[in-house]
Amino acid sequence: MKQNTLPWMVVCLGWLLAFPVLALDINETLPNVRILAVYPGNIVVLSRGLEDDVSVGTHAKLRASEGYAARALCVKSGLLTSHWRIYRVVEGQLISKDLTYSLIGMDASEAPRNVENWQRIDHEKTVPAFDESYLQAPEKAPAEMVKSDLPESLEGEDKIVKQSATSQIIERNFDVKKLKNDFENISGSVQISPWNQLQGGDTRGQSLGYGISLGNQGKKYVSRAIFSRSQFSIKDGETGVKSRYETTDARAFFIVRNFSGTTEAFSDVTFRQARYGRVATPQKQYLISPVGLNWRLPNGSDLVTKNTISYAPTYDTRTHELIEEDGDITTKDKMTIRHSFHWQLNVDFTKQFGIGFNLDWRPAQDLTTWALDASDNMALASAQAICNLSESFSMEYNYQWLDDAQLHRINQMKRVVKTSSLSLRYQF
């Protein structure tokens, strides 16, 4: 009796040992596959197991009738079911318990390298067990097995998408619904500067300034329009002549956050006007940056709330007034292309006190020789100290240093102008 039993035991043992090496052949298809459960880590349980030659290490594609859904690696296999880790998503909306799939075997060499790490793990202990007895009574399945219908986000994973890069950018960054939601709440501020001090060479003056701003601070879209004006009573240190100096500044910008990874996209338009006595220099100036990119730099400290650097090609057009020898006033137009670089750093020491630094450097591009004219840099540096007196009121000290070569080249004025101001701001 023992002699007859031994060969059968050897055959059964050999059959069981051979089970794990069974796998889907390349392009072999298993139809009518369902997703039975979804676990953390993008683990899904499929309705195919060892009976269908599905074993650990099998790579396959999930294809629904509507299209190619995902790629996955089998990490655990039972008699009737198998656990799969989805590592690439082609169409996220096609991954659902409501759909039926075809499971198509694929060459293991097509899997990315990071999947190899998963093959070295004993998933019998790391992935949740699935009780196949629930297949006979699915209404008794635990709630955690049916509450989720889609895998988790695969952000940071390798992905295959059918959309072109351009269509992805448009879909991600130009959402009408998000735009509408972000612009539902508009905020603004009004400021008055009772003390302003200006210095340009030997010329000094003091003034009164004021300004207003309106815009939104949305999750995806940010915009702001800013207007400010100052009136200085100045005195020339050499001649002793007193005159009036007026400045008007306006700016409008629009930002698209999370444009791609760590970048933001923006558009910016700036208007400047300054009148020195009888002469407006510039009479009008527009700095137009249609599209620019803003990179978020590492903060290095919890106190740093913003640390960014940006670049944008900028169209600079301006008109200056000139006093001729006969006393008549004429105008001169100047146009150039600039490379605008901007660095901004904000540090909040407490909720009540913070400081900020801004640096703009705009070297001109010579359109005749196509050389970079660093001497015509139009640089602007500023430092701010802000004290929040309440949720609506704040006090701000601002120091600004402007280097504009055109002031000297066209009107023989001092190219460096320094301004200090103390402002009170009300936010609404």
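- The ring pair (Phe, Tyr, Trp, His ring centres under 6.0 Å) check on Phe183 picks up nothing, with sequence neighbours excluded.
- Between Thr419 and Trp401, the closest side-chain pair of non-hydrogen atoms is not below 4.5 Å.
- Checking Glu321 against Gln283 by side-chain atom types alone, a donor-acceptor pair falls below 3.5 Å.
- Inter-residue side-chain proximity for Arg257 and Val222 is flagged as met; some heavy-atom pair is nearer than 4.5 Å.
- Neither side chain, Ser310 nor His342, offers a donor N or O lying under 3.5 Å from an acceptor on the other.
- Between Asn398 and Gln384, the side chains place a donor N or O and an acceptor N or O closer than 3.5 Å (distance only, hydrogens not considered).
- By the neighbour-count criterion of 12 heavy atoms within 6.0 Å, atom CD of Glu391 is sparsely surrounded, having that number or fewer from other residues, nucleotides or ligands.
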After noting the C-alpha distance and the side-chain angles of Thr331 and Leu322, does the key distance pass the side-chain contact (heavy atoms from CB on, under 4.5 Å) rule? CA-CA 6 Å; Thr331 60; Leu322 305 172; over 6 Å; no
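- Nearest approach of Ser420 to Tyr397, heavy atoms of both residues: OG-OH, 3.5 Å.
- Side-chain contact check for Thr330 and Glu324: at least one donor-acceptor pair (N or O, by modelled atom type) lies under 3.5 Å.
- Leu103 has its side chain within reach of Leu46: a pair of non-hydrogen atoms, C-beta onward, lies under 4.5 Å apart.
- A 4.5 Å side-chain heavy-atom check between Met378 and Leu287 finds at least one atom pair inside the cut-off.
- To the nearest 0.5 Å, atom NZ of residue Lys61 and atom CZ of residue Arg88 are 10.5 Å apart.
- Between the side chain of Thr81 and the backbone N or O of Arg48 there is no donor-acceptor pair closer than 3.5 Å.
- The pair Asp376-Arg338 meets the salt-bridge criterion, since a charged nitrogen lies less than 4.0 angstrom from a carboxylate oxygen.
- Taking the six-membered ring where the residue is Trp, His339 and Tyr311 present parallel rings, their angle staying beneath 30° rather than reaching 60°.
- Rounding to the nearest 0.5 Å gives a distance of 4.5 Å between OG of Ser423 and CD of Gln191.
- Rounded to the nearest 0.5 angstrom, Ile104 CD1 and Tyr68 OH are separated by 8.5 Å.
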What do the steps show when you test Tyr210 against Ser230 for side-chain contact (heavy atoms from CB on, under 4.5 Å), and what is the final call? CA-CA 7 Å; Tyr210 58 92; Ser230 297; over 6 Å; no
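- Side chains of Val89 and Ile95 form a contact here, defined as non-hydrogen atoms less than 4.5 Å apart.
- The two residues Ser77 and Val56 come nearest to each other via the heavy atoms N-CG2, 4.0 Å.
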Take Lys76 and Trp84, measure what side-chain contact (heavy atoms from CB on, under 4.5 Å) needs, and give me the verdict at the end. CA-CA 7 Å; Lys76 187 176 180 180; Trp84 296 73; over 6 Å; no
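- Heavy atoms only, all atoms of each residue included: Ala379 and Trp361 are closest at CB-CD1, 4.2 Å.
- A salt bridge is absent between Arg318 and Asp333; no separation between the charged side-chain nitrogens and carboxylate oxygens falls under 4.0 Å.
- Taking CD1 of Ile86 as the start and CD1 of Ile43 as the end, the distance is 8.5 Å to the nearest 0.5 Å.
- Within the 4.5 Å cutoff, side-chain heavy atoms of Tyr101 are placed close to those of Ile35.
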Residues Phe357, Gln344; criterion side-chain contact (heavy atoms from CB on, under 4.5 Å); working and verdict: CA-CA 6 Å; Phe357 300 94; Gln344 181 176 359; over 6 Å; no
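- Within the 4.5 Å cutoff, no side-chain heavy atoms of Gln231 are placed close to those of Thr248.
- Within the 3.5 Å criterion, the main-chain N or O of Ile337 finds no donor-acceptor partner in the side chain of Arg362.
- Aromatic ring orientation, Phe271 versus Tyr286: tilted (interplanar angle from 30° to 60°).
- Here CG of Leu297 is found 6.0 Å from CD1 of Ile309. Values are rounded to the nearest 0.5 Å.
- Side-chain atoms of Ser421 and Ser193 form no donor-acceptor pair, as typed in the model, at a separation below 3.5 Å.
- A donor-acceptor contact shorter than 3.5 Å is absent between the side chain of Lys306 and the backbone of Leu345.
- When atom types are taken as modelled, the side chain of Thr314 and the backbone of Ala312 share a donor-acceptor pair closer than 3.5 angstrom.
- Checked options Asn307, Asn358, Asp360; the residue passing with Trp343 is Asn307 (criterion: side chain to side chain donor-acceptor pair (under 3.5 Å)).
- A distance of 6.0 Å or more separates the ring centres of Phe253 and Phe266.
- Note: Thr100 OG1 to Asn32 CG = 6.5 Å, rounded to the nearest 0.5 Å.
- Residues Arg425 and Glu396 meet the side-chain proximity criterion, which asks for heavy atoms closer than 4.5 Å.
- Nearest heavy-atom pair across Asp348 and Gly354 is OD1-CA, 3.9 Å.
- Of the possible donor and acceptor atoms, one in the side chain of His59 sits under 3.5 Å from a partner among the backbone N and O of Gly57.
- Put simply, the side chain of Asp373 gets close to the backbone of Ser375: a donor and an acceptor are under 3.5 Å apart.
- Note on Asp98 versus Arg34: no salt bridge recorded, every NZ/NE/NH1/NH2 to OD/OE distance being 4.0 Å or above.
- Taking each heavy atom of Val291 and Pro313 in turn, the nearest pair found is O-CD, 3.6 Å.
- Of the candidates Asp316, Thr317, Thr319, Gln285 forms a side chain to side chain donor-acceptor pair (under 3.5 Å) with just one, namely Asp316.
- Side-chain contact check for Arg296 and Thr308: no donor-acceptor pair (N or O, by modelled atom type) lies under 3.5 Å.
- A donor-acceptor distance shorter than 3.5 angstrom exists from the side chain of Asn216 to the backbone of Tyr221, with no hydrogens or angles considered.
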